[in-house]
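Just so it is clear, the model here is predicted, and its values are computed rather than measured.
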Amino acid sequence: MDEQALLGLNPNADSDFRQRALAYFEQLKISPDAWQVCAEALAQKTYSDDHIKFFCFQVLEHQVKYKYSELSTAQQQLIRETLLSWLQAQMVNPQPEKTFIRNKAAQVFALLFVTEYLTKWPKFFFDILSVVDLNPRGVDLYLRILMAIDSELVDRDVVHTSEEARRNTLIKDTMREQCIPNLVESWYQILHNYQYTNSEVLCQCLEVVGAYVSWIDLSLIANDRFINMLLGHMSVEVLREEACDCLFEIVNKGMDPVDKMKLVESLCQVLQTAGFFSIDQEEDLDFVARFSKLVNGMGQSLIVSWTKLIKNGAVKSAQEALEAIETKVPLMLQLLVHEDDDISSNIIGFCYDYLHILKQLSVLSDQQKANIEAIMLAVMKKLTYDEEYNFENEGEDEAMFVEYRKQLKLLLDRLAQVSPELVLASVRRVFSATLQNWQTTRFMEVEVAVRLLYMLAEALPVSHGAHFSGDVSKASALQDMMRTLVTSGVSSYQHTSVTLEFFETVVRYEKFFTVEPQHIPCVLMAFLDHRGLWHSSAKVRSRTAYLFSRFVKSLNKQMNPFIEDILNRIQDLLTLSPPENGYQSLLSSDDQLFIYETAGALIVNSDYPAENKRALMKDLLTPLMERFKVLLEKLMMAQDEERQASFADSLNHAVGFASRTSKAFSNKQTVKQCGCSEVYLDCLQTFLPALSCPLQKDILRSGVRTFLHRMIICLEEEVLPFIPSASEHMLKDCEAKDLQEFIPLINQITAKFKIQVSPFLQQMFMPLLHAIFEVLLRPAEDNDQSAALEKQMLRRSYFAFLQTVTGSGMSEVIANQGAENVERVLITVIQGAVEYPDPIAQKTCFIILSKLVELWGGEDGPVGFADFIYKHIVPACFLAPLKQTFDLADAQTVLALSECAVTLKTIHLKRGLECVQYLQQEYLPSLQVAPEIIQEFCQALQQPDAKVFKNYLKVFFQRAKP
């Protein structure tokens with residue numbers, strides 16, 4: 001072996017050596033006999049360096065995994081012997097191998113096992129066991145091999161081909177028949193012999209039992225001698241976590257509901273007698289977390305048994321199952337309220353399913369009602385933040401608590417389904433008591449009180465947020481709590497979590513303010529002072545900007561008296577932050593979008609006359625336009641690229657803000673009624689010069705393009721004079737992405753204005769196409785995936801453009817481009833239908849062809865088009881589906897085929913018998929189609945029902961493809 005290259009395997013080697021080692025590994029993988037050198041090195045113990053041994057196993061692993069079938073019988077035998085002699089050597093080595101080497105060896109054994117067990121090595125386990133006997137090192141490797149085999153056979157994270165899945169099923173079936181009882185016996189012997197001497201081996205063995213129990217005969221494990229031994233291990237500190245997991249796997253195994261009930265009950269009896277149910281005496285939290293998972297498994301297993309027994313009508317047994325479940329509830333509640341969230345989280349599944357049972361019972365006992373109440377109390381307690389939660393810098397622990405809260409929310413929702421009155425009364429009790437003394441109460445208790453009110457909105461659902469009508473007792477309870485929330489002064493609480501919860505809740509229950517509008521001013525003030533948009537925390541300011549926008553928009557009818565005041569107060573938040581002086585504005589530009597949207601909505605939805613609205617909108621947008629002009633000049637002067645980028649960003653924000661103010665308008669009518677058309681036209685004239693700026697083109701074009709999309713809706717034909725020059729600028733020096741984003745703008749204009757924009761479209765049609773073709777024809781590296789994807793998306797956009805033009809009744813735009821250009825365009829559509837394996841584009845191409853045939857395919861169509869139909873369109877309808885890449889099992893491809901059928905039907909409709917004769921006498925015979933099939937095809941084509949032909953065409957091509 002190349003000793004120099006092997007030096008690079010050491011983790012401390014420099015990068016050149018490491019590169020050389022990698023190259024050497026690749027070289028050995030390709031070499032037909034390098035594996036033999038590695039096998040010999042392992043068998044002869046040539047190397048003492050761990051990394052070289054690992055490397056040798058990697059080479060063997062590659063050989064077994066990818067090239068095993070290329071080896072001769074003798075070579076395969078050599079690999080088997082090498083591995084067994086390596087295993088033999090481990091029994092007598094003075095030192096055991098490092099764990100990573102043992103794991104890699106186990107993987108190679110497992111790969112060899114799945115390859116050979118069914119054919120050449122049925123005595124695999126017998127051979128391994130005869131080598132390892134009861135030697136602790138041998139047992140360690142034997143157990144690692146078993147885990148590696150389980151991982152190969154049943155690990156759901158490993159993606160297997162259907163062939164491998166079939167093989168794995170066959171291996172498991174054969175193992176069950178031939179060797180599983182022997183393996184189980186070996187596990188029992190290991191557990192028995194090592195129970196006092198080697199806890200590491202015992203833990204490994206318990207892990208193996210837990211893994212295999214899911215797919216072997218349960219009675220081999222769920223019997224007295226095994227279970228008693230496992231229960232014995234539950235009392236040994238170093239073993240009990242693994243024993244717990246092992247029992248969990250046994251309990252989780254599917255079996256007859258009555259047998260499962262008996263198994264769980266006998267386990268519980270022993271565990272309870274041994275004192276495991278006394279959770280509060282246990283200090284080892286890791287163990288309690290495993291035990292909680294076990295109790296959860298036992299509880300859910302009993303619930304599954306109950307469900308099956310009820311379904312089967314076994315009333316007596318079902319009653320027994322229910323009683324068994326009820327006896328576990330006190331333990332479940334103990335675990336649910338445990339101060340450790342992991343322990344609590346592990347039991348939520350049982351708790352959730354138990355509530356589901358109670359929901360199905362017609363009458364609840366006093367004990368069951370008490371259980372519901374206890375769960376409710378537990379949820380309210382566990383929702384509370386603890387002191388350690390870091391609100392300013394949320395890390396992994398905080399993320400886990402947020403996830404845990406989501407689980408508790410599901411539990412609260414389920415509680416509300418079982419007993420809505422109890423949930424409402426409990427929340428009201430906690431909420432009222434806490435808000436009475438919020439000034440002297442800890443933040444986490446105030447937060448959870450408000451949070452519970454917030455959560456009621458989903459726990460007690462109503463349509464369209466109508467919480468304050470309908471059920472009188474519920475409506476008045478919610479109304480009382482909301483009144484308390486907004487009048488108690490709790491919005492001034494000095495903790496971000498309480499502040500945010502306050503705003504979230506007033507927005508969630510915005511319908512309250514239509515019932516009691518007198519509270520609107522004090523909530524608006526909270527939004528508009530240091531509690532909300534001027535809060536010291538950026539996180540609060542950011543979230544409040546969004547919530548404020550929602551609050552104002554949802555209550556637009558009630559906002560009229562406050563509009564001027566609000567607009568004055570938010571004035572400072574509307575400033576476009578200047579990039580040059582490092583000034584940090586209160587809100588990010590994303591947050592400012594919400595403030596602009598709010599301002600626009602306030603103006604548009606107000607009761608003011610049109611001239612007032614126009615004046616207010618002008619006041620809102622004029623500073624943006626002024627700032628835009630200044631910044632554009634500065635951008636043109638800026639030398640440094642970083643400064644250019646920050647100016648371009650600010651310019652883009654200005655355009656975005658103006659766009660966002662228009663969101664309150666639904667169409668041109670509303671813009672006209674508000675007298676705002678002129679202001680937006682001014683904006684357009686201000687922003688369009690940015691398109692001719694040679695710097696930072698991408699970002700500037702993107703912003704202006706979005707604004708144009710918006711203005712087409714708001715100003716309609718008043719935008720049209722601006723479109724030609726804007727288009728001209730946007731087509732200069734453009735990339736695939738620019739075109740991809742520009743085409744939807746043209747499509748929007750075409751679809752909306754149709755004949756009005758025909759002259760413009762005719763003028764810019766070929767320049768646009770030249771820009772598209774130029775980008776598509778640019779050479780790219782063969783393996784450049786992103787360039788290929790960009791071209792594919794551009795191709796789709798191009799065909800979507802042609803589809804819009806033809807579908808909007810504007811085919812003259814194409815027809816007037818001159819015969820040569822028309823043919824070039826049509827050929828690109830034929831290529832799109834046939835040559836590129838992209839069913840989305842192919843579908844669009846067939847839609848275009850159908851439309852053109854419908855418009856031009858008659859006797860009065862353009863000269864030469866009938867010839868084009870027979871020369872190109874008809875063949876395309878056959879060549880595309882016959883391609884290997886045209887996958888008829890794929891849903892998108894079937895849609896493309898459906899449009900292909902429409903194209904053929906349309907040709908038949910326009911050309912009649914001539915089309916049938918052409919297919920019968922010329923085209924189909926040229927494809928070597930049998931005469932009877934030709935006959936059948938033409939009959940299907942002539943069927944009046946298009947659906948019949950679509951279905952036939954699919955069958956026709958399924959038969960035609962090999």
Side-chain angles (χ1 to χ4, degrees), residues 29-30 32 35-36 38-39 42 57-84 86-87 102-132 141-187 204-205 207-221 249 252-254 887 889 962:
K29 285 199 304 194
I30 302 162
W35 65 270
Q36 287 177 310
C38 292
L42 287 169
F57 272 119
Q58 278 185 301
V59 175
L60 273 187
E61 177 186 31
H62 186 267
Q63 188 67 34
V64 174
K65 201 167 184 176
Y66 300 109
K67 300 164 79 174
Y68 198 67
S69 56
E70 297 167 18
L71 301 180
S72 67
T73 309
Q75 288 174 316
Q76 292 176 349
Q77 180 66 24
L78 177 63
I79 290 188
R80 284 197 288 279
E81 285 168 3
T82 300
L83 287 176
L84 283 173
W86 178 85
L87 187 61
R102 284 180 275 161
N103 285 338
K104 180 53 75 179
Q107 275 180 316
V108 179
F109 270 105
L111 284 171
L112 199 55
F113 168 79
V114 295
T115 312
E116 297 224 309
Y117 178 64
L118 293 171
T119 50
K120 297 186 179 140
W121 202 358
K123 291 170 69 184
F124 177 89
F125 291 109
F126 179 79
D127 290 349
I128 301 274
L129 281 168
S130 61
V131 171
V132 304
L141 281 159
Y142 165 60
L143 294 170
R144 286 177 198 278
I145 291 166
L146 283 170
M147 284 310 290
I149 287 172
D150 178 76
S151 161
E152 282 292 325
L153 295 179
V154 296
D155 189 340
R156 286 185 174 78
D157 294 335
V158 177
V159 181
H160 289 298
T161 63
S162 54
E163 189 54 46
E164 286 171 340
R166 270 199 301 277
R167 176 204 67 190
N168 291 351
T169 304
L170 193 54
I171 290 174
K172 284 187 289 186
D173 290 343
T174 310
M175 282 176 71
R176 288 187 195 104
E177 278 171 36
Q178 293 179 1
C179 65
I180 288 293
N182 295 346
L183 295 185
V184 172
E185 186 54 39
S186 74
W187 304 336
Q204 274 179 275
C205 191
E207 194 184 348
V208 168
V209 176
Y212 277 71
V213 85
S214 70
W215 58 272
I216 65 174
D217 176 4
L218 188 63
S219 65
L220 294 168
I221 305 286
E249 294 298 341
N252 242 15
K253 170 95 173 175
D887 176 10

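The side chain to side chain donor-acceptor pair (under 3.5 Å) check on N103 picks up R144, with sequence neighbours excluded. Partners of K120 under the side chain to side chain donor-acceptor pair (under 3.5 Å) rule, at least two apart in sequence or in another chain, are Q76. For the side-chain contact (heavy atoms from CB on, under 4.5 Å) test, residues two or more places apart in sequence or in another chain that qualify with L111 are E61, V64, K65, E152. For the side-chain contact (heavy atoms from CB on, under 4.5 Å) test, residues two or more places apart in sequence or in another chain that qualify with D155 are S151, D157, V158. When the side-chain contact (heavy atoms from CB on, under 4.5 Å) test is applied to K67, the partners found at least two apart in sequence or on another chain are H62, Q63, E70. Take W86 and apply the ring pair (Phe, Tyr, Trp, His ring centres under 6.0 Å) test, not counting sequence neighbours, and it matches F57. Every side-chain contact (heavy atoms from CB on, under 4.5 Å) that T161 has, sequence neighbours left out, goes to E163, E164. Partners of E207 under the salt bridge (Lys or Arg N to Asp or Glu O under 4.0 Å) rule, at least two apart in sequence or in another chain, do not exist in this structure. Taking F124 as the reference, F113, W121 meet the ring pair (Phe, Tyr, Trp, His ring centres under 6.0 Å) condition, with sequence neighbours excluded. Residues passing the side chain to side chain donor-acceptor pair (under 3.5 Å) test with Y212, sequence neighbours excluded: none. By the side chain to side chain donor-acceptor pair (under 3.5 Å) test, Q107 is found to be paired with K104, residues two or more places apart in sequence or in another chain being considered.
In this structure, the side chains of V132 and L141 stay at 4.5 Å or more apart for every pair of heavy atoms. In this structure, the side chains of L84 and V131 come closer than 4.5 Å at one or more pairs of heavy atoms. Put simply, the side chain of D150 does not reach to within 4.5 Å of the side chain of V208, judged on heavy atoms. In this structure, the side chains of L60 and L42 come closer than 4.5 Å at one or more pairs of heavy atoms. Side chains of V154 and N168 form no contact here, defined as non-hydrogen atoms less than 4.5 Å apart. When side chains are defined from C-beta on, R80 does not count as touching D127, because their heavy atoms never get closer than 4.5 Å.
Here the closest non-hydrogen pair linking I216 and K253 is O-NZ, 2.9 Å. When all heavy atoms are compared, the tightest approach of F125 to C179 is CD1-SG, 3.7 Å. For the residue pair L83 and F109, the shortest heavy atom distance occurs at O-CZ, 3.4 Å. The two residues R167 and L118 have their closest heavy-atom pair at O-CD1, 4.2 Å. Residues A39 and T82 approach most closely at O-CG2, 3.3 Å, considering heavy atoms.
Legend: salt bridge (charged side-chain N to carboxylate O under 4.0 Å, His left out) pairs involving residues 171-187, not counting sequence neighbours, sorted by first then second residue: D173-R176, E185-R225.
Between atom SG of residue C205 and atom CG of residue L146 there is a gap of 8.5 Å, rounded to the nearest 0.5 Å. Summarising the geometry, atom CE belonging to M175 is positioned 11.0 Å from atom CG belonging to N182; distances are rounded to the nearest 0.5 Å.
S214 places no side-chain N or O within donor-acceptor distance of the main-chain N or O of G210, the cut-off being under 3.5 Å.
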Next item on the list: With side chain to side chain contact (heavy atoms under 4.5 Å, CB included) as the test, would you mind laying out the steps for L71 and I79 before giving the verdict?
Entry: CA-CA 10 Å; L71 301 180; I79 290 188; 3.7 Å; yes
Next item on the list: For side chain to side chain contact (heavy atoms under 4.5 Å, CB included), just list the numbers for Q75 and Q36, CA-CA rounded to whole Å, side-chain angles, deciding distance to a tenth of an Å, and then say yes or no.
Entry: CA-CA 9 Å; Q75 288 174 316; Q36 287 177 310; 3.8 Å; yes
Next item on the list: Give the C-alpha distance, both sets of side-chain angles, the deciding distance and a yes or no for side chain to side chain contact (heavy atoms under 4.5 Å, CB included) between D217 and I180.
Entry: CA-CA 9 Å; D217 176 4; I180 288 293; over 6 Å; no
